[in-house]
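One structure below.
Values below: every heavy atom of this structure, side chains too, minus hydrogens, waters and symmetry copies. Each chain gets a letter, A, B and so on, in the order the sequences are listed, and its residues count up from 1.
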Amino acid sequence: MTYKHIFQTSIKGLSTNRSRSILTILGIVIGITAIMLVVSLGAGAQSLILGQVQGLGTNTIAVIPGREPTSPSDVSSLFGDSLKQKDIVALQNKSNVPYLKSIMPTVIGSDTASYNSNTYQTSIFGATELIAEIFDLHPSEGRFFQREDVISSADVVVIGSEVATHLFDNEDPLGQKIKIKGRNFKVVAVLPPTGGGSLFNFDSMALMPYTTAQTYLLGIKYFNRIIMQSLTDAQVESTAEDVKLTLRESHNITDPTKDDFTVQTQQDLANRLTTITSALTYFLAAVASIALFVGGVGIMNIMLVSVTERTREIGLRKALGATDRDILSQFLLEAVLLTAIGGVIGIILGSSLAFIISLILSKVLSVDWQYVFPWSGAILGLVVSALIGLIFGGYPAKQAASKSPIEALRYE
Amino acid sequence: MNIIEVKNLRKSYHEGITSTVALKNVTFSIRKGEFVAIMGPSGSGKSTLLHLLGLLDEPTSGHYEFNGKNISSYSRNELAVLRNEKIGFVFQAFNLLPRTSVLQNAILPLYYSHIPQSEWEARGKAAVESVGLGHRLSHQPSELSGGEKQRLAIARALVNNPDIIFADEPTGNLDSKSGKNVMSIIQHLNEKEGRTIVLITHESSTAEHSERIIRLMDGEIESDEKVKHRLTPNDEYVK
């Protein structure tokens, strides 16, 4: 029997039991669709997050106080006070960190801002004038505070769009004074809405010189984070190394395991986020595979029923001259065809659904959600579904082929 | 020239500790072109004998030469090829594929043959027309009467142009008129086309279409004699 005839026979076998074939395919379709959806949306989310991170510039280096947190309860490491003004001076020294382009100490806090009778819980972000460049911020009105404002601890503030709408309703906030901790701050600029997708939610923030925030609002002398940029992307690693050495010297640390600070590069962060989102995607894909496995069991079930139900047909075919191999090929091909058709439909369905969802997400959340065709998901789906056909169809097919003609013909 | 020669053919079935002997030491031969009926009450071993002769089952012991070749050393594959090329089967229960057209049913054996696909349709049509079903080519088996189903089964048995046809109670499920029709076709195949026929029946009226009747009893040949007054296709068929 030639492959062409085996193929024709299998197609005929499937089409004479059309509704059963369709129901079997459905199980595989659902499984593959779920996997495609998860993998595609996972890849989309990943590229969105990485896009945000890389939007900060890949030459960015951040220093935070304390060791790398070793566990969620390791809170002490998060709120260290080890980063001081003398560190800034040491880092700015060209002989310590030769490729430093810019350095910005930052502090963070949270407080209630009020204007007349309106109040709003804002995040306080204290920084230098470099914040506009580093975070690529462009005020919709007004202009950012300047170097002099930082030096003089001026009572100026740049507010996010949410803060503006909550405090000022329809009034123009520019030049008005808002009250935080009983002190008046002049609004010098308002930021446009950034949308929900940003890593830092500037919409609900009040930005001010770090000196102002330290002195009048937080009452601290240290920094929560120092953000730096190297001259070029290629110098990030060596600069990060220089920063570590400089801070150790400044803090009198000889044993690197006792560091009271952590240096993070943008690349570290991107790698870490990639690991997290990939792990999440694979976890979800594993969950979705359960659906596929159930579909596979469905195939085996149907093939077993089909073999039992068609035992007399197998006997007849053998009586008419079919060899064991002919019967095996026919039933195996039937199973593989079912799963392959289901796999292709699932891939088409899954990727179209993922495309539609990515359109909806980018419209509704107004984020730059990229549709990603999940090649890995598609290949995995096809291979897995064909394997399911081979494995789950193989056993019943083998059973069918090993029957003697008369045993099969007499089967009631 | 004998197409079938069996010596001391024996078949027993084992089920647990009990074993049943279906055939004991059966010895006979069938000439090419002969029309032989095998008769006997149920349980006499006639179906077992037919299955052994038709290469559907293997004997427990004994010697079987088919077409001058000892087939005891043949593999399952080689037996399948022999069944496909040399043998045609007609079953009591027709065994047609449901939801498959008359023509497609008739050409089913060709899928397992070396005959090129370009010849299939012509061969199938010729076989179906030879049993008088030329007007039913695209019908489904469920649309055929019992007699027509059995004629289609005969067409399927003929499509590979076999040397020998084994018919297992071919009229068993048919009314007398259809049965007569089927028997006249089978007799025609023997007399006009010279094909060897081995037929199982428990009806003497059916057996008397043959040239020779082998009677089995308890797995042994009880008698083996020529038919003195052979029925012709035109004789009244009495069930």
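Heavy-atom pairs under 4.5 Å with chain A peak, among B:Leu97, B:Ile87, B:Leu82, B:Leu79, at B:Leu97. Among B:Val81, B:Asn84, B:Thr100, B:Leu108, the residue with the largest count of heavy-atom pairs under 4.5 Å with chain A is B:Asn84. The residue among A:Ala408, A:Ser404, A:Ala319 with the most heavy atom pairs within less than 4.5 Å of chain B is A:Ala319. For the options A:Arg310, A:Lys318, A:Lys4, heavy-atom pairs under 4.5 Å to chain B are most numerous at A:Lys318.
A salt bridge does not link A:Glu334 with A:Lys12: none of the charged nitrogens is closer than 4.0 Å to a carboxylate oxygen. Electrostatic pairing of B:Arg76 and A:Asp324 counts as a salt bridge here, judged by a charged N lying under 4.0 Å from a carboxylate O.
Between B:His63 and the options B:Asn8, B:Asn70, B:Thr27, a side chain to side chain contact (heavy atoms under 4.5 Å, CB included) holds for only B:Asn70.
Put simply, the side chain of B:Phe166 does not reach to within 4.5 Å of the side chain of B:Val90, judged on heavy atoms. The side-chain heavy atoms of B:Ile115 and B:Asn160, taken from C-beta on, include a pair separated by under 4.5 Å.
Heavy atoms closer than 4.5 Å to chain B are found in the side chain of A:Gln8, but not in its backbone. The contact between A:Arg317 and chain B is made by backbone and side chain atoms together, counting heavy-atom distances below 4.5 Å. When heavy atoms are compared at a cutoff of 4.5 Å, B:Arg99 approaches chain A by way of both its backbone and its side chain. Contacts between B:Phe89 and chain A at a heavy-atom distance below 4.5 Å involve the side chain alone, from C-beta outward. In this structure, the portion of A:Leu409 lying under 4.5 Å from any heavy atom of chain B is its side chain and not its backbone. Contacts between A:Arg18 and chain B at a heavy-atom distance below 4.5 Å are absent for every atom of the residue.
Donor-acceptor pairing under 3.5 Å is lacking for the side chains of A:Asp326 and A:Ser329.
In this structure, A:Asn271 places its CG atom where more than 12 heavy-atom neighbours from other residues, nucleotides or ligands lie under 6.0 Å away.
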